[in-house]
Amino acid sequence: MQPFACGNCRSLTFFGDLSCLACGSDLGFERAAGRLVARDRAGEAAWTPCANRELIGCDWLAPAAGALCGSCGLTRTRPADGQDADIAAWRVVEACKRQLLVDLDGLGWTLAGPPAGDSPLRFDLLSSAYEPIVTGRDGDVITVDLAEGFDPHREALRVQLGEPYRTVLGHLRHEVGHWFRDLLGRQGRLEEFPAVFGDDTTDYAAALREHYAGTDDGSWRRQYVSHYAAAHPAEDWAESFAHYLHVRAVLDTARAWGTTVDGPAAGTGIAGRAALSCDPRLPVRHFDDLVSRWLPLTFALNAVNRSMGRDDLYPFVLAPPVLRKLELVHRALAR
Ligand SMILES: [Zn+2]
Ligand SMILES: [Zn+2]
Ligand SMILES: [Zn+2]
């Protein structure tokens, strides 16, 4: 995500900022223009914040006064007023959903909620505190367990499942991948799917039962980006799709900040690849351009995270078969 300039004083501001730290102006994100607009204090210009601005801190502007923005408008079910814990989690999920939509906008796949848009995709945000809820996608509806927006719950699950990475944004990138599998398939963009991912019409429920009953011997690493990806070709696609969005988003951010990698002196290169340097500002012509920038950048950013005692930014290995899967995602999404 690129940084922004305050629409009033031009100070540095960030995606999601509701106000400018320098001049105090209220800020609203104008999605079509990709800019943070400052509220005109004289009240002369139209200022149409999302109807959810006060409730969950949505900073997007809406098509009309009192309306929901194009992101909140995609949410079909949300917590009832007064359910404070659920509303706090809803705030987290919506912030990640806005990031997801900007990811997709940047790839030319704009999903806009009513009344401005006609995307069939909808979100049900429900809490497993009251009934069994599984985060997943069914047809045109993505269901998110709001408990995932609660850090202790999500982190406990991550540890229990032995996952190196678990975030709400990661869930959304994964689930929208399932939805894109159908959409891209209908558009004839995924004819190579069986050759790359395998047959995803095989018994899904049985495959998942087998996956959760089995033990993790690590052998999946040679072919899959995550252990869960090995469960079924449909999950392999969704995981690969999510990772493609991870790669694009981080490289876009690095490009916007002019973050380049040059070195280090130690080490002569990555096995099979030439350089430990990259410049994400160079144009992307082929999928290989992404890969050759991604690897040095993640090595550097992982090292930066470790120097703060944090987990790796990108705790995954992209084996050659995984790169072929990401490459298919790349080509299928190309507009
Ligand atoms: Zn300002
Ligand atoms: Zn909104
Ligand atoms: Zn899935």
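The analysis underlying the following values was restricted to heavy atoms, covering all of them including side chains, and did not include hydrogens, waters or symmetry mates. Atoms within each ligand, like the ligands themselves, are counted from 1 in listed order.
Between the side chains of Ser219 and Asp217, a donor-acceptor pair is found at a separation under 3.5 Å. Side-chain contact of Thr75 with Glu94: a donor-acceptor pair under 3.5 Å is present, judged by distance alone.
Between SG of Cys69 and SG of Cys58, the angle at the Zn ion (ligand 2) works out to 110°, rounded to 10 degrees. The NE2 atom of His174, the Zn ion (ligand 3) and the NE2 atom of His178 define an angle of 100° (nearest 10 degrees). Note: angle at the Zn ion (ligand 1), from SG of Cys23 to SG of Cys9, is 110° (rounded to 10 degrees).
Within the 2.8 Å limit, Glu235 places at least one N, O or S atom next to the Zn ion (ligand 3).
Under a cutoff of 6.0 Å and an axis angle of 45°, Arg98 and Phe15 do not form a cation-pi pair.
Between Glu175 and Arg137, none of the side-chain N atoms (NZ, or NE/NH1/NH2) sits under 4.0 Å from a carboxylate O, so this pair counts as no salt bridge.
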